[in-house]
Student: 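Have a look at the structure that comes next, please.
Proteins come first, then strands; the chains are lettered A, B, ... in the order of their sequence lines, and each starts at number 1.
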Amino acid sequence: MYALNYVKAKSVKEAAGFLARNPEAKLLSGGMTLLPTLKARLARPTHLVDIGHLAELRKIAVKGGRLLVGAGARHHEVATSAVVKKAIPALAGLAGEIGDPQVRNRGTIGGSVANNDPAADYPAAVLGLAATVVTTKREIAADRFFQGLFTTALEDGEIIVRIEFPLPKRAAYSKFHHPASGYAMAGVFIAQTAGGVRVAVTGAGPGAFRWTAAEAALANGLKPAALEGVKLDSREFNNDMHADREYRANLVRVMAKRALAKLSGKK
Amino acid sequence: MNMAKVTIKVNGKNHTKTVEDRTLLVDFLRDELKLTGTHVGCDTSQCGCCTVHVNGRAVKSCTMLAAQANGASVVTIEGMAKKDKLHPIQRAFSECHGLQCGFCTPGMIMATAGLLKDNPNPTDAEIYKGLEGNLCRCTGYINIVKAVKMSARLLRGGKR
């Protein structure tokens, strides 16, 4: 590992203060993306400010019709939490499909959402469930939060405190794993929410996005057949050594149908 | 160069060392404590050879700073056997020949211990999923899966 300066924050407030004084410092939570990024010298922050151990960020609870998940909750904790499994089983299932067991024991929901990797799973759930990202400064609706490749609405020094998920009537996630990395080649999260059906896609494009044509097509019933011929603009889709655009576009359709099948109770 | 004092309980014993901030947990274990049973295979969190338990959970020690583990309790492969008596998982890997070159074995055993803690009686599919974070370039995994099953039987108090 290259030289670095490590700071263990005693509280979120202290971490925020440190970031305000040191604009080139970076937050460290689980470190599952950041530490490999440092090893590859893709980033060279002046300091790592560790917030991964803070109990104030680890709470999981249901309150006022919303599931509140602290930013420091690890994937394993979300996957196995009785509260999450009862409130939004699709979210627990999604968390249990991230990476591998060792990664799930370290990686956090806040880290994943802040990083906004185009193939990460959590952004699909946050967007699909119309969640709210609560930070040290404000509340940000999912529709405004994700802004494309590794880009979010977060400002410098702003720290995610928790994610608030309104409880959906039903929700399901289906993902095609990259066989080596475990990342989503395409993942589709479908939720029947108070505001209607939402379909969020990850892995396919430069960032998670809503497939609005599919949402419209499913408005009158969550039936796989409704997706036949629905327009999917794949011009901006990732086109790389793992899969080309057309293949990813097809995967999105297949994953959407599988998610619908899960919703209807069929495997 | 930032240095800090770090205290980590390793295999039941507290160790305090002053190390550079950049020190990875695996380097703390191997270089500072000379516990070289934990291997570095890829150094990119793919292979799982460096798997140890931190506060009871399996993690890849090449992707964690020693400073992050300050105050934590760590168990390495050296902490598994009790004196001359192999841990049941070690015995199962030996008896099933769940290895060839042996380089991945410490990580496989620690990952297996993590898996069986959560799921004492896993199916084949659950074993594949539970060992997804560990790579073996020799065996083709057949005997590793056998070893995990025998481990599960032994840990449940059954016969091999």
Student: For T51(B), is it the side chain, the backbone, both or neither that has a heavy atom under 4.5 Å from a heavy atom of chain A?
Tutor: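 Answer is side chain: those atoms of T51(B) sit under 4.5 Å from chain A.
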Student: Rounded to the nearest 0.5 Å, how far apart are CZ of R57(B) and CZ of R106(A)?
Tutor: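 If we round to the nearest 0.5 Å, R57(B):CZ and R106(A):CZ are 12.0 Å apart.
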Student: Could you pull out the closest heavy-atom pair between T63(B) and P36(A), with the gap in Å?
Tutor: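 Looking at all heavy atoms of both residues, the closest pair is CG2-CD, 3.8 Å.
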Student: Below 4.5 Å, heavy-atom pairs only: which of A72(B), G48(B), C62(B), A4(B) has the largest tally toward chain A?
Tutor: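 The answer is C62(B).
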Student: What part of M64(B) gets within 4.5 angstrom of chain A, counting heavy atoms only: side chain, backbone, both, or neither?
Tutor: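 Contact with chain A: backbone and side chain both.
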Student: CD of E56(A): more than 12 outside heavy atoms within 6.0 angstrom?
Tutor: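 Atom CD in E56(A) is crowded, with more than 12 foreign heavy atoms closer than 6.0 Å.
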Student: If I take atom CG from residue N5(A) and atom CD from residue E20(B), how far apart are they, to the nearest 0.5 angstrom?
Tutor: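 These two atoms lie 10.5 Å from each other.
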Student: Just wondering, are more than 12 heavy atoms of other shown residues or ligands nearer than 6.0 Å to CG in L149(A)?
Tutor: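 More than 12 heavy atoms, drawn from other residues, nucleotides or ligands, come within 6.0 Å of this atom.
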Student: Got V52(B) and Q102(A) here, is their nearest side-chain heavy-atom distance under 4.5 Å?
Tutor: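 Side chain of V52(B) against side chain of Q102(A), heavy atoms only: no contact under 4.5 Å found.
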Student: Inspect the surroundings of CG in N14(B) and state if more than 12 heavy atoms from other residues, nucleotides or ligands are less than 6.0 Å away.
Tutor: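 Count over threshold, so yes.
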Student: Is there a donor-acceptor pair under 3.5 Å between the side chain of R22(B) and the backbone N or O of M1(A)?
Tutor: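 Flag set: sc R22(B) to bb M1(A) pair under 3.5 Å.
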Student: Counting only heavy atoms not in R156(B), do more than 12 sit closer than 6.0 Å to its CZ atom?
Tutor: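 Yes - once you tally the heavy atoms of other residues, nucleotides and ligands closer than 6.0 Å, there are more than 12.
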Student: Examine whether an atom of D118(B) lies under 4.5 Å from a heavy atom of chain A, and if so say whether it belongs to the side chain, the backbone or both; otherwise answer neither.
Tutor: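 For D118(B), the contact with chain A is made by the side chain alone.
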Student: Heavy-atom distances under 4.5 Å only: say whether L38(A) touches chain B with side chain, backbone, both or neither.
Tutor: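 The answer is neither part of L38(A).
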Student: Take E132(B) and V103(A) through the side chain to side chain contact (heavy atoms under 4.5 Å, CB included) test and state the conclusion after the steps.
Tutor: CA-CA 10 Å; E132(B) 232 166 28; V103(A) 166; over 6 Å; no
Student: Is there a side-chain contact between N70(B) and K8(A) in this structure, where contact means two heavy atoms from C-beta onward sitting under 4.5 Å apart?
Tutor: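 Yes; the side chains approach each other to less than 4.5 Å.
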Student: Between L24(B) and K39(A), is there a side-chain heavy-atom distance shorter than 4.5 Å?
Tutor: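 Sidechains of L24(B) and K39(A): in contact.
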Student: Please report the closest heavy-atom contact between A58(B) and N105(A), naming both atoms and the distance.
Tutor: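 In this case the closest contact between A58(B) and N105(A) is O-ND2, 2.8 Å.
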Student: D100(A) pairs by side-chain hydrogen bond (donor to acceptor under 3.5 Å, both in side chains) with which of K60(B), Q46(B), K129(B)?
Tutor: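 Going through K60(B), Q46(B), K129(B) one by one, the side-chain hydrogen bond (donor to acceptor under 3.5 Å, both in side chains) with D100(A) is satisfied by K60(B) alone.
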Student: Counting only non-hydrogen atoms closer than 4.5 Å, does L34(A) touch chain B with its backbone (N, CA, C, O), its side chain (CB onward), both, or neither?
Tutor: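 No part of L34(A) comes within 4.5 Å of chain B.
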Student: What residue, out of H53(A), H76(A), R74(A), has the most heavy-atom pairs lying under 4.5 Å from chain B?
Tutor: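 Of H53(A), H76(A), R74(A), H76(A) has the most heavy-atom pairs under 4.5 Å with chain B.
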Student: Please give me the minimum heavy-atom distance between Y6(A) and L65(B), naming the atom from each residue.
Tutor: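 Between these two residues, the closest heavy atoms are CD1-CD1, 3.8 Å.
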